[in-house]
Amino acid sequence: MAKKKAEPTASKEEKKENTAADEVIEKEEAQAEAAEQEDPVAKELEDTKDQLRRVAAEYANFRKRSEKEKSDSYAYATANVIKELLAVIDNLERALSDKTEDYEGLKKGVQMTYDGLMATLEKLGVTAYGEQGEQFDPNFHNAIMHVEDESLEANVITDVFQRGYKLNDKVVRPAMVKTAN
């Protein structure tokens, strides 16, 4: 019989606990409903923040990758230019190591080395310009002297002190020239 008396007491306590639990559940449901009403805006805000973080991370990665590609591209291009010039350096070393005092042979070797260098530069897209008799163009020529000569047309190059060079269409060095009126 002791058991029977204990049971109703336990069930009253259980009822109190159940009632308290029900109240907590009801509060949580009310909060969930309130959150659901605010949730679309909060959810959209959180999604937008997440997208912004992702875009910022992608941009940072893109910037790092671009810098690395640029650096690698420059190093590769420089290595290719040096590789092309090594043949000219080899020819100059051979000419300097020759012990004979043959002026004509030396001159011929220097001319061949010059021709090889010009061919290498042309292969790389570099062209020389600035010849006597050409029309003066301030975009390509640097006039360091001027002469009055009635037998020549105006703005004609009479002398070239230093040839100019272009890489494709970009001036690397303007030609230093003397012009006539």
Side-chain angles (χ1 to χ4, degrees), residues 41 43-181:
V41 173
K43 187 174 192 297
E44 185 177 341
L45 178 64
E46 198 57 41
D47 289 345
T48 303
K49 285 181 181 178
D50 185 52
Q51 287 176 347
L52 181 62
R53 285 185 202 109
R54 290 176 189 269
V55 168
E58 286 177 16
Y59 178 70
N61 290 338
F62 170 75
R63 212 173 65 230
K64 288 176 188 174
R65 191 172 50 248
S66 295
E67 283 296 319
K68 183 173 178 1
E69 287 175 1
K70 184 175 151 184
S71 169
D72 291 348
S73 173
Y74 178 77
Y76 181 73
T78 303
N80 281 342
V81 169
I82 291 170
K83 182 180 172 187
E84 292 295 328
L85 293 175
L86 288 177
V88 175
I89 292 171
D90 292 341
N91 287 338
L92 288 171
E93 286 175 346
R94 279 192 286 276
L96 290 172
S97 68
D98 188 14
K99 301 295 181 200
T100 62
E101 295 183 17
D102 180 18
Y103 175 76
E104 288 302 316
L106 181 64
K107 184 176 178 183
K108 182 179 176 185
V110 169
Q111 182 63 47
M112 289 172 58
T113 303
Y114 173 80
D115 292 341
L117 178 60
M118 293 309 290
T120 299
L121 289 176
E122 191 172 309
K123 186 177 177 183
L124 294 171
V126 177
T127 54
Y129 68 91
E131 299 292 329
Q132 189 173 357
E134 288 181 0
Q135 269 306 107
F136 174 77
D137 183 350
N139 296 318
F140 298 107
H141 304 100
N142 182 14
I144 59 171
M145 293 181 78
H146 181 74
V147 65
E148 296 290 330
D149 189 347
E150 298 299 324
S151 64
L152 297 172
E153 296 177 26
N155 292 327
V156 172
I157 296 173
T158 58
D159 288 317
V160 178
F161 301 112
Q162 195 175 54
R163 294 180 71 187
Y165 291 91
K166 294 189 289 187
L167 176 61
N168 299 323
D169 289 332
K170 184 178 187 246
V171 175
V172 176
R173 182 180 81 186
M176 290 189 352
V177 296
K178 177 180 179 181
T179 60
N181 56 331

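Count residues from 1 along the sequence.
Considering every non-hydrogen atom in both Tyr129 and Tyr165, the closest pair reads CE2-N, 3.4 Å. Residues Ala180 and Thr158 approach most closely at CB-CG2, 3.7 Å, considering heavy atoms. Shown here for Ile157 and Asp159, the closest heavy-atom pair between the two residues is CG2-O, 3.6 Å. Nearest heavy-atom pair, Leu85 versus Leu117, reported as atom, atom and distance to 0.1 Å: CD2-CD1, 3.6 Å. Scanning both residues, Ala175 and Gly130, for their nearest heavy atoms gives CB-CA, 4.2 Å. The heavy-atom pair separating Phe136 from Thr179 by the smallest distance is CD1-CG2, 3.5 Å.
In summary, Asp90 and Arg94 do not engage in a salt bridge, as defined by a charged side-chain N under 4.0 Å from a carboxylate O.
Inter-residue side-chain proximity for Met112 and Asn91 is flagged as unmet; no heavy-atom pair is nearer than 4.5 Å. A 4.5 Å side-chain heavy-atom check between Asn139 and Val171 finds every atom pair outside the cut-off.
Around the CG atom of Asp169, the shell of radius 6.0 Å holds no more than 12 heavy atoms that belong to other residues, nucleotides or ligands. Under a cut-off of 6.0 angstrom, the local environment of CE in Met118 is crowded, with over 12 non-hydrogen atoms contributed by other residues, nucleotides or ligands. Counting non-hydrogen atoms of other residues, nucleotides and ligands closer than 6.0 Å to CD of Gln135 gives a total above 12.
Arg163 places no side-chain N or O within 3.5 Å of a backbone atom of Glu131 that could act as its donor or acceptor partner. At least one donor-acceptor pair closer than 3.5 Å links the side chain of Thr120 to the backbone N or O of Gly116.
Considering Glu69, Lys68, Lys70 as possible partners of Asp72, the one that fulfils the side chain to side chain contact (heavy atoms under 4.5 Å, CB included) test is Lys68. Screening Asp47, Leu45, Val41 for a side chain to side chain contact (heavy atoms under 4.5 Å, CB included) involving Lys43 leaves a single residue, Asp47.
Rounded to the nearest 0.5 Å, atoms NE2 (His141) and NZ (Lys178) are 16.0 Å apart. Rounded to the nearest 0.5 angstrom, Asn61 CG and Glu58 CD are separated by 8.0 Å. Atom-to-atom distance recorded for Leu86:CG and Glu93:CD is 9.0 Å, nearest 0.5 angstrom. Between the CZ atom of Phe62 and the CD atom of Glu67 there is a distance of 10.0 Å, given to the nearest 0.5 Å.
A side-chain donor-acceptor contact under 3.5 Å links Gln111 and Asp115.
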